[in-house]
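What follows is a single structure, written as structure tokens, with notes after it.
No hydrogens, no waters, no symmetry mates; every other heavy atom, side chains included, goes into these values. We count residues from 1, following the sequence as given.
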Amino acid sequence: MKKTLLSLLVACSTSVIAAQPYEFGVTLQGYDGSATSSVSYGGQIARHALHNSLKKVAGTGDQAQMNTYFSSTEAGRVILDPVSKDGFPVKQSSIDELSSGKDLLSSAYDGVITGWPGNPTGQELLEQLVDAAAKTKAGYDPVNGYDYVQLISKFAMGAVFYNKAVNHYLEEKLEADQHPNNEAYKPGTAYTGKEHVWDEAFGYFGAPANGLSLSAKEVVQITKQNPEVFAKADANGDGVVDLKSEMAFAHAYYAASVDASAGTNYFHTIMQAFVDGRQLISDAKGKALTDAQRTELKECAAVIATAWQQVIAEAAFKYAGSVYADLEKIAVIEEAHGDVSKAYRNYVKHWGELKGFALALEAAGRDLGNAQAGLDRLIGFSPVLFGDAQVVALDGNGGFVQANAGPMQEYKLNMIKVQNLLAQSFALKAKLNDKTAGMSDVLEQLNAAAQSAEND
């Protein structure tokens, strides 16, 4: 992308209104219904609730229940998360209250994922992960180093939400012949084609409609359903949090989480660009967008896509640092001949988060160039396991094949290289849990270990 994020943001922000909510009236010419709002993204929020609920059941071993929230479109599904808590009541309790007939699988990325053995499509990989989770205890496979709860969740957010938003709604569907603004999206709707296309992308980001009036820390606490921020979450003051417009999900939460910790501005940058783009469409008053208007809209879309990608890369960067720290703990415990089971479990969990976010970067249909190959090779198909083995392939029956990968502690170097690669490839700003300054220390440790082995 030739334009910088700053230049795109300046170009996009032509109609900024301080703390403007994501609320817009009806502009569809000839509409004679009773609706007063043209905003609609219930289907996207339904998929957020499906994802959250799937994560809840991914460690149960109950494949039928997992499929209920993964691949089924059946009616009557209960929302397992978010649910009402003391001091934080939630309006909806079933998926159908958000939107009916929705699933996760059919909306997942259908391109090839090179970062997993066998080069499956995004849809195939999600199916494999769900099937494998059902065969484990609590979604944990210590033999191959997989935390399926984390792998499913982090990759699904990329393969469904990120992919559909940036690879469809903010790209091909912004073209003039795709859902034009001077026509209803569908007969009988209160919104134009372009209004709904933009709304669907916003819904997948997962931000509250009043996100511009919230701090990053408040957005994080809304996701955590902290009663102390209930008044902020309940924007319309009706006594409940409406999941359709008042909850924070998925990458909106992660953007705010990074900002709250590092003082960056990913969440509000993305939110403002969504509001600006939607205002531009609304200002067209139901007329077809001109080429100049669509160019401006695409500049807003570019701001969103760039910052959204950075949020996912920031998360991967953070968890690469966690994997590094876990390996340090394992080394200390092993040196003291202690029990490494808890430290190893944390190592597998953090690796699953790292890998899930890294795979999510592949799921936008965008060429990552050398960054993709580098991430695939440095992270590998599994963490380096005890015995210095690592998953390298699938066998003819779908099982994992392991081979020697060198000493486990050398994998710390890979994590430093992963962080360097992510920071440089995606121009990261926060770089939480940064371990890149420890390169020389790791090399000294490995040299000392090698000399000790030679003297044994």
Side-chain angles (χ1 to χ4, degrees), residues 1-17 20 22-33 35 37-44 47 99 106-111 160-205 207 269-309 363-367:
M1 193 174 296
K2 294 182 179 180
K3 292 187 177 182
T4 65
L5 180 59
L6 178 60
S7 67
L8 288 170
L9 185 58
V10 170
C12 175
S13 298
T14 58
S15 57
V16 176
I17 300 175
Q20 180 182 350
Y22 196 89
E23 296 174 1
F24 299 90
V26 175
T27 68
L28 178 64
Q29 296 185 2
Y31 176 73
D32 60 0
S37 172
S38 61
V39 175
S40 176
Y41 49 88
Q44 285 63 47
R47 292 187 180 93
S99 186
S106 65
S107 293
Y109 180 59
D110 59 4
V160 180
F161 310 148
Y162 175 56
N163 163 55
K164 292 294 286 186
V166 305
N167 195 31
H168 293 275
Y169 298 119
L170 298 181
E171 191 170 87
E172 61 191 44
K173 292 185 182 293
L174 294 187
E175 297 304 321
D177 61 346
Q178 295 283 310
H179 301 293
N181 196 56
N182 60 338
E183 297 178 9
Y185 184 80
K186 289 182 180 179
T189 62
Y191 38 81
T192 71
K194 280 294 182 281
E195 286 174 338
H196 193 53
V197 162
W198 196 261
D199 288 349
E200 288 178 299
F202 175 71
Y204 276 130
F205 180 54
T269 294
I270 295 171
M271 183 78 199
Q272 187 69 66
F274 267 121
V275 170
D276 289 347
R278 189 57 163 83
Q279 186 66 57
L280 185 154
I281 299 171
S282 185
D283 288 345
K285 304 298 183 184
K287 296 180 180 179
L289 299 182
T290 66
D291 288 346
Q293 287 171 323
R294 285 193 309 102
T295 295
E296 193 173 343
L297 190 62
K298 288 180 179 181
E299 289 172 343
C300 290
V303 169
I304 294 163
T306 298
W308 196 333
Q309 183 184 64
R366 281 166 161 70
D367 183 10

* Is there a salt bridge (Lys or Arg N to Asp or Glu O under 4.0 Å) between Glu175 and Lys298 once you walk through the steps? -> CA-CA 9 Å; Glu175 297 304 321; Lys298 288 180 179 181; 2.9 Å; yes
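Within the 3.5 Å criterion, the main-chain N or O of Ser40 finds a donor-acceptor partner in the side chain of His196. Remark: the backbone N or O of Ala184 is not paired with any side-chain donor or acceptor of Thr189 at under 3.5 angstrom. Formation of a donor-acceptor pair under 3.5 Å by the Lys164 side chain with backbone atoms of Tyr109 is not found in this model. In this structure, Gln293 contributes its side chain and Thr290 its backbone to a donor-acceptor pair below 3.5 Å. A donor-acceptor pair is defined here as one N or O able to donate and one able to accept, closer than 3.5 Å; no such pair exists between the side chain of Gln29 and the backbone of Asn182. Remark: the backbone N or O of Asp291 is paired with a side-chain donor or acceptor of Thr295 at under 3.5 angstrom.
Summarising the geometry, atom CD1 belonging to Ile304 is positioned 9.0 Å from atom CG belonging to Asp276; distances are rounded to the nearest 0.5 Å. Within the model, atoms CG of Leu297 and CD of Gln279 stand 12.0 Å from one another, a figure rounded to the nearest 0.5 Å. Atom-to-atom distance recorded for Arg366:CZ and Asn167:CG is 6.0 Å, nearest 0.5 angstrom.
Of the charged side-chain nitrogens involved, none lies within less than 4.0 Å of a carboxylate oxygen, so that Lys194 and Glu183 do not count as a salt-bridged pair.
Aromatic ring orientation, Phe205 versus Trp308: perpendicular (interplanar angle above 60°, classes split at 30° and 60°).
Contact detail for Thr269 and Ala307: the closest heavy-atom pair is CG2-CB, 4.4 Å.
For the ring pair (Phe, Tyr, Trp, His ring centres under 6.0 Å) with Tyr41, the lone residue among Phe161, Phe274, Tyr169, Phe202 that qualifies is Phe202.
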